[in-house]
Amino acid sequence: MRYWLMKSEPGDVSIDDLAGFPNQTVDWYGVRNYQARNFMRDQMKVGDGVLFYHSNCAEPGIVGIAEVSRLAYPDRLQFVEGHKYYDPKATPENPRWFNVDVKLVRKTRLLSLKEMRETPELESLRILQRGNRLSITPVDPREWNFIMKLLEA
DNA sequence: GCCAACGTTGGC
DNA sequence: GCCAACGTTGGC
């Protein structure tokens, strides 16, 4: 069992969008970075914990807890010609991009990027490291537990 | 909109 | 395989 932080732009899929989706589940489409893909394809298991993070918006931060609800499978959009996420080098026989399904556990208060930066216990969070741009990053169990406590408060 | 940081592409 | 050019991310 691992823990992850997954960024989503609320203009694309927000926590409220997720809450309104059938089964409160979304296929995590559109990842086109190999490191992030590898995390999904090679490491994520059903039941892994997910911090749902709003990025590229007015109030960036963690807004909910979710879980991996389906193992990685080929991202359908890589095959859709003309789509933003189309990849001409991908074929159904040899897909390049994968996604898991993510299911909402519960919405939380906003744990803002600012607050995380001001919290010494979270210094080691990957997302806070200089220059980090990865949309999916592993979260240490200690970091996860600490964040769970912060979100209860 | 700016721009630092970083990933990808493609000529050589 | 190098590396300059270009594209993207994402906070501010």
Side-chain angles (χ1 to χ4, degrees), chain A residues 2-21 25-44 48-68 72-140 142-144 146-151 153:
Chain A
R2 289 185 163 97
Y3 302 102
W4 309 93
L5 184 146
M6 300 176 79
K7 297 180 192 171
S8 184
E9 301 192 8
D12 186 6
V13 177
S14 72
I15 191 76
D16 288 324
D17 292 333
L18 180 60
F21 286 162
T25 298
V26 64
D27 52 324
W28 207 267
Y29 60 82
V31 168
R32 295 295 180 268
N33 169 282
Y34 290 105
Q35 245 187 299
R37 177 204 68 180
N38 291 348
F39 284 142
M40 287 199 284
R41 190 191 59 184
D42 304 335
Q43 297 196 32
M44 285 195 186
D48 278 7
V50 173
L51 300 170
F52 192 101
Y53 179 95
H54 278 172
S55 69
N56 202 10
C57 58
E59 290 188 306
I62 292 165
V63 290
I65 299 165
E67 64 183 13
V68 175
Y73 57 98
D75 180 332
R76 63 192 169 84
L77 296 178
Q78 69 193 300
F79 307 126
V80 180
E81 215 165 324
H83 194 280
K84 172 185 176 188
Y85 290 127
Y86 176 63
D87 184 341
K89 291 176 181 163
T91 64
E93 297 72 32
N94 197 10
R96 177 178 293 200
W97 305 110
F98 292 79
N99 63 256
V100 294
D101 281 356
V102 170
K103 181 180 167 69
L104 180 66
V105 173
R106 63 183 172 91
K107 288 175 61 175
T108 63
R109 73 175 177 91
L110 171 72
L111 175 55
S112 69
L113 179 61
K114 179 169 183 291
E115 182 178 350
M116 288 191 271
R117 286 202 188 285
E118 290 167 350
T119 304
E121 288 87 348
L122 297 180
E123 243 175 33
S124 59
L125 257 190
R126 285 279 284 272
I127 192 142
L128 302 183
Q129 306 309 306
R130 179 188 148 90
N132 171 74
R133 294 186 322 180
L134 260 190
S135 64
I136 298 176
T137 49
V139 174
D140 186 273
R142 274 166 307 174
E143 297 164 344
W144 172 275
F146 193 82
I147 288 169
M148 291 305 110
K149 265 190 225 159
L150 283 183
L151 291 176

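What you see is a predicted model, and the numbers here were worked out from it, not measured in a lab. So you know, we letter chains A, B, ... as the sequences are listed, proteins then strands, and number each from 1.
- Sparse packing is recorded around CZ of A:R142, with 12 or fewer heavy atoms of other residues, nucleotides or ligands lying under 6.0 Å away.
- With DNA chain B read from its 5' end, the first of the two nearest nucleotides for A:N56 and A:G131 is the one closest to A:N56.
- In terms of phosphate contacts, A:K7 brings a side-chain nitrogen or oxygen within less than 4.0 Å of OP1 or OP2 of C:dG10.
- For the pair A:L134 CG and C:dT9 C1', the interatomic distance rounds to 11 Å; values are reported in whole Å.
- Rounding to whole angstrom units, CD of residue A:E9 and C1' of C:dG10 are separated by 8 Å.
- Contact annotation: A:Y53 reaches the phosphate of C:dG11 (side-chain N/O to OP1 or OP2, under 4.0 Å).
- Between A:Q35 atom CD and B:dG7 atom C1' the separation is 10 Å, expressed in whole Å.
- A donor-acceptor pair shorter than 3.5 Å can be found between the side chains of A:Y34 and A:R96.
- Phosphate contact (OP1/OP2 of C:dT8, side-chain N/O of A:R133, threshold under 4.0 Å): absent.
- Nucleotide C:dG10 holds its C1' atom 16 Å from the CD atom of A:E59, rounded to whole Å.
- Contact annotation: the side chain of A:Y73 approaches that of A:D27 to within less than 4.5 Å [non-hydrogen atoms, C-beta and beyond].
- Taking every side-chain heavy atom of A:R130 into account, B:dA5 is the closest of B:dT8, B:dA5, C:dC12.
- Note: A:F52 and A:W28 meet the aromatic proximity criterion, with ring centroids under 6.0 Å apart.
- One interatomic measurement links the two molecules: CD1 of A:I127 to C1' of B:dA5, which rounds to 15 Å at whole-angstrom precision.
- Counting to the nearest Å, the C1' atom of B:dC6 and the OH atom of A:Y34 are 16 Å from each other.
- In the set B:dT8, C:dG10, B:dG7, the nucleotide with an atom closest to the side chain of A:S135 is C:dG10.
- For the pair A:L113 CG and C:dG10 P, the interatomic distance rounds to 12 Å; values are reported in whole Å.
- Around the CD atom of A:E123, the shell of radius 6.0 Å holds no more than 12 heavy atoms that belong to other residues, nucleotides or ligands.
- Counting to the nearest Å, the P atom of B:dT8 and the NZ atom of A:K89 are 12 Å from each other.
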